[in-house]
Structure formats: structure tokens, C-alpha cells
Amino acid sequence: QVQLIESGGGLVQTGGSLRLSCRGSGRTFSNYAMGWFRQAPGKNHFFVATISSSGGRIYYSDPVKDRFTISRDNAKNTVYLQMNSLKPDDTAVYYCAASNITVATSSAYNYWGQGTQVTVSS
């Protein structure tokens with residue numbers, strides 16, 4: 001089992017940048033693929049990015065590709081999401097999650113953080 005805590009959200013203007021962090025507890029963090037999802041008000045979870053346990057495989061959704069970068073540091077039990085060129089449509093609560101497989105499907109993720117709010121003003 002792993003517990004996840006996100007940080008780094010906030011308010012930023014269009015075109016700005018933020019870096020989200022997600023720290024996991026336990027010695028098994030490095031065994032899990034880690035994903036970032038976001039949820040806007042009234043909508044379902046939307047896949048943002050995922051990274052395999054070793055970091056060798058990375059996938060992004062089309063709306064964030066070329067703007068966001070996912071990375072991980074297993075020595076620190078932390079996964080990051082660097083978000084550049086932010087747009088108002090990126091406004092959402094961002095969640096990190098852990099899975100046994102590297103996929104974009106939220107139902108495959110067994111452990112979730114509490115979320116961090118990202119607001120992009122126009």
C-alpha cells in the first residue's frame with residue numbers, strides 16, 4: 001500500500017508555469033507506475049500523464065503534450081509534473097495516483113492522493 005500527497009498547486013496567469021509534486025510513503029513506491037489526472041468541476045477524471053516504475057515509459061494526453069513533463073525520483077519517493085504554457089482550460093484539481101501498470105485508464109489506479117488545485121487566470 002502507498003499513501004500519496006500532492007503539493008505545488010496554486011493560481012497562475014495564462015502562459016505561466018507550475019510544478020506539482022507527489023510524494024509517496026512506503027518502500028514500495030518504486031514498484032508502481034505513477035499517473036497524473038485532473039478533474040474540472042462537474043467532469044470526470046481526465047488523464048494527463050503517466051510514467052512507468054523505472055521511468056522508461058511515459059505517455060501524455062494530447063491536450064498537454066509538449067507543454068507538460070512528468071518525471072520521477074524513486075530515491076525521494078516523488079513524482080513531478082512540470083506544467084508550462086498554462087491555459088485556462090488547465091484549471092482543475094490535479095491528482096497523482098499509483099498503478100501496477102502504465103496506462104491512461106483511471107480505473108487501473110489503486111491509490112490516489114487528495115488532490116491539489118490549479119487555477120489558471122485569463
Side-chain angles (χ1 to χ4, degrees):
Q1 185 172 350
V2 60
Q3 293 182 327
L4 304 171
I5 299 176
E6 302 97 336
S7 61
L11 174 64
V12 65
Q13 292 184 335
T14 296
S17 298
L18 283 174
R19 188 176 83 154
L20 305 183
S21 299
C22 171
R23 192 170 193 284
S25 64
R27 293 174 289 179
T28 60
F29 178 85
S30 60
N31 292 340
Y32 292 97
M34 296 299 300
W36 285 97
F37 294 81
R38 66 189 185 190
Q39 187 173 28
K43 296 188 177 181
N44 293 328
H45 282 110
F46 179 84
F47 168 72
V48 175
T50 186
I51 185 169
S52 62
S53 58
S54 67
R57 284 178 293 143
I58 291 174
Y59 305 108
Y60 298 97
S61 63
D62 285 344
V64 308
K65 193 174 182 180
D66 299 327
R67 297 189 297 123
F68 291 10
T69 302
I70 189 172
S71 62
R72 67 189 297 161
D73 185 340
N74 285 338
K76 295 182 178 179
N77 280 7
T78 302
V79 62
Y80 304 97
L81 186 68
Q82 177 67 43
M83 306 186 295
N84 298 328
S85 302
L86 283 161
K87 306 174 182 179
D89 284 348
D90 295 319
T91 296
V93 178
Y94 283 71
Y95 298 88
C96 69
S99 172
N100 292 317
I101 52 177
T102 310
V103 293
T105 307
S106 61
S107 60
Y109 288 77
N110 301 312
Y111 305 105
W112 292 77
Q114 84 289 349
T116 185
Q117 176 71 46
V118 171
T119 302
V120 185
S121 64
S122 57

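Just the heavy atoms: all of them, side chains too, but no hydrogens, waters or symmetry mates, feed the values below. We number each residue from 1, following the sequence as shown.
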Inset, instruction - Name all residues meeting the ring pair (Phe, Tyr, Trp, His ring centres under 6.0 Å) criterion together with Phe37; count only those two or more places apart in sequence or in a different chain, and write none if there are none. - result: Phe47, Tyr109, Trp112

Legend entry - Contacts of type ring pair (Phe, Tyr, Trp, His ring centres under 6.0 Å), residue Tyr94, not counting sequence neighbours: none

Disulfide bond (SG atoms under 2.5 Å apart) contacts in which one or both residues fall within [range], not counting sequence neighbours:
range: residues 84-122; result: Cys22-Cys96
range: residues 48-80; result: none
range: residues 35-87; result: none
range: residues 31-61; result: none

Legend entry - Donor-acceptor contact present, side-chain Asn77 to main-chain Ser25, <3.5 Å: no

Between [atom1] on residue [X] and [atom2] on residue [Y], distance to nearest 0.5 Å:
X: Tyr59; Y: Ile51; atom1: OH; atom2: CD1; result: 11.5 Å
X: Thr69; Y: Arg19; atom1: OG1; atom2: CZ; result: 11.5 Å
X: Ser53; Y: Met34; atom1: OG; atom2: CE; result: 11.0 Å
X: Gln39; Y: Asn44; atom1: CD; atom2: CG; result: 7.0 Å

Inset, instruction - Applying side chain to side chain donor-acceptor pair (under 3.5 Å), name anything that partners Thr105, two or more places apart in sequence or on another chain. - result: none

Legend entry - Within one Ile-Leu-Val-Met-Phe-Trp-Tyr cluster: Ile58 and Leu20, side-chain cutoff 4.5 Å: yes

Inset, instruction - Flag yes if Trp36 and Val2 sit in one hydrophobic cluster, no otherwise; membership is Ile, Leu, Val, Met, Phe, Trp, Tyr, and two members link when side-chain heavy atoms are under 4.5 Å apart. - result: yes

Inset, instruction - Start with the C-alpha distance between Arg72 and Phe29, add both sets of side-chain angles, then the distance that settles side chain to side chain contact (heavy atoms under 4.5 Å, CB included), and finish with yes or no. - result: CA-CA 10 Å; Arg72 67 189 297 161; Phe29 178 85; 3.4 Å; yes

Legend entry - Sequence-distant partners of Ser54, side chain to side chain contact (heavy atoms under 4.5 Å, CB included), two or more places apart: Ser52

Inset, instruction - Sequence neighbours left out, what passes side chain to side chain contact (heavy atoms under 4.5 Å, CB included) with Thr119? Give chain and number order. - result: Leu11, Thr91, Gln117

Legend entry - Pairs where residues 34-61 contributes a residue and the test salt bridge (Lys or Arg N to Asp or Glu O under 4.0 Å) is met, not counting sequence neighbours: Arg38-Asp90

Legend entry - Remaining members of the apolar cluster that contains Ile5, side-chain heavy atoms under 4.5 Å: none

Inset, instruction - Please report the closest heavy-atom contact between Val118 and Gly9, naming both atoms and the distance. - result: CG2-CA, 4.2 Å

Legend entry - Nearest heavy atoms of Phe46 and Pro63, plus distance in Å: CZ-CG, 3.8 Å

Inset, instruction - I would like to know whether Leu4 and Tyr95 meet side chain to side chain contact (heavy atoms under 4.5 Å, CB included); could you show each step before the answer? - result: CA-CA 9 Å; Leu4 304 171; Tyr95 298 88; over 6 Å; no

Inset, instruction - Flag the pair Ile70 / Val79 as yes when at least one side-chain heavy-atom distance between them is below 4.5 Å, and no otherwise. - result: yes

Only distances under 3.5 Å count here; give the side-chain donor-acceptor pairs of residues 80-89 to other protein atoms, sequence neighbours excluded, each with its distance to 0.1 Å.
{"from": "Gln82", "atom 1": "NE2", "to": "Asn84", "atom 2": "OD1", "distance (Å)": "2.9"}
{"from": "Asn84", "atom 1": "OD1", "to": "Ser17", "atom 2": "OG", "distance (Å)": "3.0"}

Inset, instruction - Could you check Tyr32 against Tyr111 for side chain to side chain contact (heavy atoms under 4.5 Å, CB included), going step by step and ending with a plain yes or no? - result: CA-CA 10 Å; Tyr32 292 97; Tyr111 305 105; 3.6 Å; yes

